Q: 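One structure follows; several queries about it will come next.
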Protein chains: 2
Amino acid sequence: MQGMNFKKDTSAGYLANHMARLFASGLQRRIKPLGLSPGQFPALVALWAKEGRTQKELVELLDIEQATLANTLARMERDGLISRRASEEDGRVQQIFLTDRAKSLEEEAIGAALAQNAEALAGFSESERDQFLDYMRRAIAAMQSAETGSAE
Amino acid sequence: MQGMNFKKDTSAGYLANHMARLFASGLQRRIKPLGLSPGQFPALVALWAKEGRTQKELVELLDIEQATLANTLARMERDGLISRRASEEDGRVQQIFLTDRAKSLEEEAIGAALAQNAEALAGFSESERDQFLDYMRRAIAAMQSAETGSAE
DNA sequence: CTCCTATATATAGCAAGCTATATTTATTTA
DNA sequence: TAAATAAATATAGCTTGCTATATATAGGAG
């Protein structure tokens, strides 16, 4: 069977990958001047909302693996965005705090992310935008349940 | 201004990133038994359609950078999926050919990708699916034109 | 022919993902 | 209490993506 029917622009997976890369590079362009990178964004958002969280708490909040977060946090510490303080009750745990610099970037950084989202959805009506977000949430939920899922 | 309004599940960029990672890991789970990985997929699709393409031609076809493709092709060669033959007319150019193994995988691999797409869109009606793909194409187009774009 | 420029591919170096495993400290159990 | 298990974090090693730069070959201008 030669020439099976597979076109990249009709593949949801292909489009999702391409779209995500454009979101990331657009965000990067906007926040690089602030000394931030896209992968740090989710952790920053969680810490702007509440400091002193542990790595475990962040892993539960963000949809990434523990090892990925550990590396991201190491880069953030290196870049002067966070500091970590060992817990006294439990020697395995560290609480994570934002530096003054990281705190000072909240407004601009969130503005950049919102601007990037707006750029991507510029041609969308409000209801189209809502529907698009809903579709993405549904696709995510479907794949997550398949992940955990039962027999094939 | 403390506590700016930014929620990950209402951010198109966040959802796009998460969704793309789930597509990739789902596809990986399906094609790993074939000895393939998700990043090789676009190049394979292009070569299944027509062999003997050059790297430059593939870069024009796929939405990735030349350096990314160069590395992906190196891994594909290492893994016995492609071979390259230097052009006689132009010493800079190499034509890329599929190995027998890579050719033999076409049906199963495309089936895996289609199955992954189907899994993600399981709960969608046909018109919802079409609309979703269209939304993604529109977001991609908006970000691409902003990339090239005029003054801010 | 020689020098400049353009083109095709490769390499360096980094970020952000992942899986799998190691390490360290707590907790539980025998 | 000593040994086994669990929990929190780190590390190893890989892929896929990027930007920036190097290398090698072609082609054009003088």
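The basis for the numbers below is simple: all heavy atoms, side chains too, and nothing from hydrogens, waters or symmetry mates. All of these numbers come straight from a predicted model, not from anything done at the bench. Throughout, a chain's letter reflects where its sequence line sits, starting with A, and its residues are numbered from 1.
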Q: Among the candidates C:dG17, D:dG17, C:dA16, find the nucleotide nearest to the side-chain atoms of A:Arg21.
A: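 From the listed options, D:dG17 comes nearest.
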Q: How long is the line joining CG of B:Leu22 and C1' of C:dG17, in whole Å?
A: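 The distance from CG of B:Leu22 to C1' of C:dG17 comes to 12 Å, rounded to the nearest Å.
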Q: Using whole Å, report how far CZ of B:Phe23 lies from C1' of C:dC18.
A: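 About 18 Å, once rounded to whole Å.
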Q: Starting at CG of B:Leu133, measure out to OH of A:Tyr135 and round the result to the nearest 0.5 Å.
A: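 Result: 10.5 Å between the selected atoms.
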Q: At under 4.0 Å between heavy atoms, what does B:Asp79 touch on the DNA or RNA strands: base, sugar-phosphate, or nothing?
A: nothing
Q: Could you tell me the separation between the CG atom of B:Leu69 and the P atom of D:dT15, rounded to a whole number of Å?
A: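 Atom-to-atom, B:Leu69 to D:dT15, this comes out as 16 Å.
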Q: Could you measure the distance from the CD1 atom of A:Ile140 to the NE2 atom of B:His18? Nearest 0.5 Å is fine.
A: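 Going from the CD1 atom of A:Ile140 to the NE2 atom of B:His18 covers 5.5 Å.
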Q: Taking the nucleotide of DNA chain C with the nearest heavy atom to each, does A:Gln28 or A:Ile64 sit closer to the 5' end?
A: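 So the residue in question is A:Gln28.
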Q: Take a 6.0 Å sphere around CZ of B:Arg101 and say whether it holds more than 12 heavy atoms from other residues, nucleotides or ligands.
A: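 Yes, enclosed.
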Q: Take atom NZ of A:Lys32 and atom P of C:dA15, then tell me their distance rounded to the nearest Å.
A: 10 Å
Q: Does A:Asp63 pair with B:Arg21 as a salt bridge, N-O distance under 4.0 Å?
A: no
Q: Could you give the CG-to-P distance, from A:Leu58 to C:dG17, as a whole number of Å?
A: 14 Å
Q: C:dA15, OP1 or OP2 - any side-chain N/O from A:Thr72 closer than 4.0 Å?
A: no
Q: Report the distance from atom CZ of B:Arg30 to atom CG of B:Leu36, rounding to the nearest 0.5 Å.
A: 14.0 Å
Q: Atom CE of B:Met76 and atom P of D:dG17: how far apart are they, to the nearest Å?
A: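 In whole Å, D:dG17 P and B:Met76 CE are 12 Å from each other.
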Q: Heavy atoms under 4.0 Å is the rule here; annotate nucleotides 6-11 of chain C 5' to 3' with B where the base is hit, S where only the sugar-phosphate is, and - elsewhere.
A: BBSBBB
Q: Less than 4.5 Å apart, any side-chain heavy atom of B:Trp48 and any of B:Leu98?
A: yes
Q: Rounded to whole angstrom units, what separation is found between the CZ atom of B:Arg29 and the P atom of C:dC18?
A: 15 Å
Q: What heavy-atom pair brings A:Leu62 and A:Ala46 nearest, and what distance separates the two atoms?
A: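 Closest approach of A:Leu62 to A:Ala46, heavy atoms only: CD2-CB, 4.3 Å.
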Q: How long is the line joining CD of A:Glu89 and P of C:dT24, in whole Å?
A: 22 Å
Q: Quick check on D:dT15: is either OP1 or OP2 less than 4.0 Å from any side-chain nitrogen or oxygen of B:Arg78?
A: yes
